[in-house]
**Student:** 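Mind looking over this structure? Questions follow.
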Amino acid sequence: MNLIFLGPPGAGKGTQAKRIETLHGIPQISTGDMLRAEAQAGTALGQQVRAIMDLGGLVSDEILIAMLGERVDRPDCARGFILDGFPRTTVQAEALDAMLASRRSRIDAVLLLLVDEAALTERIAGRYTCARCGTGYHDHYKQPRVPGVCDVCGSHEFTRRADDRRETVVTRLDAYRQDTAPILPFYRAKGLVHDIDGMADIDTVSRAIDHALAQAKAAGTVTES
Ligand code: ADP
Ligand code: ADP
Ligand code: ZN
């Protein structure tokens, strides 16, 4: 099963993709996480990428397409994958289609998380993650069960993203509106898009996603599980 999570920054893509990863045993591929790892590694490419990300812009299609092509060919993707943050432009969507077609594969469903812009700023400003295992949290909406201790791995260290500032969010939302939202007609024409109300609480959104996937399976658009 090959899935795409689409939606503006802060919509809940990572949160929901991680859950599907655990539930269905297929990897979450977050291009944001991959780019942050590259920036952290401090390579020449990493330095270039960091400068763009810190300003809230999009990294070039060429880099992303090469990065993703290499990633989906790894053995852990044999039963499928969950894309979180890719594709972000029409060029990336078309390249993905061609990439999958040449492997006799395709996208089974696109889960579109719909969230009001006002709520996005709030979600991004309060977002933080476990420094060790990457589990996501929020100052108000998803706190660890024991304050200051990661639910999953017990770590006491957490990080906030350099680009999760209110000023940068405006640029990232512009990039979503201008470059990413125009992908939707491409997937709608294929009948793959499931609109999910992303304004509900995390568990309610999860249930809506499970329902959409069950529907896609019943309709036969999902080939394997
Ligand atoms: P994205 O990957 O789309 O940028 P995240 O999954 O990182 O979004 O979510 C952004 C922030 O909002 C995180 O801190 C997360 O814990 C929180 N969050 C995710 N889904 C919801 C929700 N349905 N309601 C409230 N907060 C949420
Ligand atoms: P969010 O979870 O808030 O939507 P991501 O972690 O997916 O953010 O992405 C963070 C940043 O990484 C983006 O603002 C952009 O600079 C870069 N990035 C991630 N994925 C892509 C992509 N597919 N194409 C271009 N840039 C990307
Ligand atoms: Zn952890």
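As the structure lists them, so they are numbered: ligands from 1, and atoms in each ligand from 1. Nothing here was measured: the structure is a model prediction, and the numbers come from that model.
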**Student:** Pick, from Arg88, Met53, Arg50, the option with the minimum heavy-atom distance to atom 9 (O) of ligand 2.
**Tutor:**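 Result: the heavy atom closest to atom 9 (O) of ligand 2 is in Arg88.
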
**Student:** With the threshold set at 4.0 Å, does a side-chain nitrogen-carboxylate oxygen contact exist between Asp76 and Arg74?
**Tutor:**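 Looking at Arg74 together with Asp76, the answer is no, because their closest N to O distance does not fall below 4.0 Å.
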
**Student:** If hydrogens are left out, which of Gly10, Ala11, Gly85 has an atom nearest to atom 4 (O) of ligand 1, that is, the closest non-hydrogen atom?
**Tutor:**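 Residue with the shortest heavy-atom distance to the ligand atom: Gly10.
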
**Student:** Within rounding of 10°, what is the angle whose vertex is the Zn ion (ligand 3) and whose arms end at SG of Cys133 and SG of Cys130?
**Tutor:**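 Value returned, to the nearest 10°, is 110°.
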
**Student:** Just checking, any donor-acceptor pair under 3.5 angstrom between side chains of Ser105 and Asn2?
**Tutor:**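 The criterion, which ignores hydrogens and geometry beyond distance, is satisfied for Asn2 and Ser105.
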
**Student:** Got a donor-acceptor contact below 3.5 angstrom from the Gln28 side chain to the Glu21 backbone?
**Tutor:**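 Side chain of Gln28 to backbone of Glu21, a donor-acceptor pair under 3.5 Å: no, none is there.
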
**Student:** Could you measure the distance from the NE2 atom of His194 to the CG atom of Leu213? Nearest 0.5 Å is fine.
**Tutor:**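 Output value for this atom pair is 7.0 Å.
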
**Student:** Using heavy atoms and a threshold below 4.0 Å, how should the contact between Leu58 and ligand 2 be classified: side chain, backbone, both, or neither?
**Tutor:**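 Both the backbone and the side chain of Leu58 come within reach of ligand 2.
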
**Student:** If we only consider heavy atoms of Gly57, is any one of them less than 4.0 Å away from an atom in ligand 2?
**Tutor:**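 Checking ligand 2 against Gly57, which is what was asked, there is a heavy-atom contact under 4.0 Å.
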
**Student:** Run down the list Gly136, Gly14, Pro9 and name the one with the heavy atom closest to atom 2 (O) of ligand 1.
**Tutor:**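 Ranked by closest heavy atom to atom 2 (O) of ligand 1, first place is Gly14.
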
**Student:** Need the ligand 2 atom indices (1-based, order shown) with element for anything under 4.0 Å from a heavy-atom of Arg36.
**Tutor:**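 Ligand 2 atoms under the 4.0 Å threshold to Arg36: 6 (O), 10 (C).
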
**Student:** At what distance is the nearest protein heavy atom to atom 23 (N) of ligand 1, and which residue and atom is it?
**Tutor:**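 For atom 23 (N) of ligand 1, the nearest protein heavy atom comes out as Ala200 O, 2.8 Å.
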
**Student:** Salt bridge or not for Asp195 and Arg188, using N-O below 4.0 Å?
**Tutor:**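 Salt bridge flag = yes for Arg188 with Asp195.
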
**Student:** Is Gly12 in polar range of ligand 1, meaning some N or O pair under 3.5 Å apart?
**Tutor:**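 Between Gly12 and ligand 1, an N or O pair is found under 3.5 Å apart.
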
**Student:** One residue to check: Asp201. Relative to ligand 1, which of side chain, backbone, both or neither has a non-hydrogen atom less than 4.0 Å away?
**Tutor:**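 The answer is the backbone.
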
**Student:** Under a 4.0 Å N-O cut-off, is there an ion pair linking Lys142 with Asp203?
**Tutor:**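 Not counted as a salt bridge, because no side-chain N and carboxylate O are separated by less than 4.0 Å.
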
**Student:** Would you mind checking which non-hydrogen protein atom is closest to atom 21 (C) of ligand 1, with the distance to 0.1 Å?
**Tutor:**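 Protein heavy atom at minimum distance: Ile202 CG1, 3.3 Å.
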
**Student:** Please list, in number order, the atoms of ligand 1 under 4.0 Å from a heavy atom of Thr15.
**Tutor:**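 Heavy-atom distances to Thr15 below 4.0 Å select 5 (P), 6 (O), 9 (O), 15 (C), 19 (C).
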
**Student:** Does a side-chain N-to-carboxylate-O contact under 4.0 Å join Asp84 and Lys18?
**Tutor:**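 Lys18 and Asp84: not salt-bridged.
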
**Student:** Give the atoms of ligand 1, by number and element, whose distance to some non-hydrogen atom of Tyr141 is under 4.0 Å.
**Tutor:**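 Matching atoms, with element in brackets: 25 (C), 26 (N).
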
**Student:** Could you list the atoms of ligand 1 found under 4.0 angstrom from a heavy atom of Lys13?
**Tutor:**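 Under 4.0 Å from Lys13, ligand 1 has these atoms: 1 (P), 2 (O), 3 (O), 4 (O), 6 (O), 8 (O).
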
**Student:** Any idea which of Thr31, Asp84, Asp164, Leu35 brings a heavy atom closest to atom 18 (N) of ligand 2?
**Tutor:**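 Considering heavy atoms of Thr31, Asp84, Asp164, Leu35, the nearest to atom 18 (N) of ligand 2 sits in Leu35.
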
**Student:** Give a yes/no verdict on whether any heavy atom in Arg127 is under 4.0 Å from an atom of ligand 2.
**Tutor:**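 Flag set, Arg127 near ligand 2.
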
**Student:** For atom 14 (O) of ligand 1, what's the nearest protein heavy atom and its distance?
**Tutor:**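 Result for atom 14 (O) of ligand 1: Tyr137 O, 2.7 Å.
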
**Student:** Kindly identify the option in Lys18, Arg123, Gln143 whose heavy atom sits closest to atom 11 (C) of ligand 1.
**Tutor:**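 Looking at heavy atoms only, Arg123 sits closest to atom 11 (C) of ligand 1.
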
**Student:** Write down the atom of Arg71, the atom of Pro27, and the distance for their closest heavy-atom approach.
**Tutor:**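 Smallest interatomic distance, heavy atoms only, reads NH2-CB, 3.9 Å.
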
**Student:** Say whether Met34 and ligand 2 are in contact under the criterion: heavy-atom distance to a ligand atom below 4.0 Å.
**Tutor:**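 Distance cut 4.0 Å: Met34 fails for ligand 2.
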
**Student:** So is there a nitrogen or oxygen of Gly126 less than 3.5 Å from a nitrogen or oxygen in ligand 1?
**Tutor:**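 By distance alone, the answer is no.
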
**Student:** Have a look at ligand 2 and work out which part of Leu64, if any, has a heavy atom under 4.0 Å from it: side chain, backbone, both or neither.
**Tutor:**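 Answer for Leu64: side chain.
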
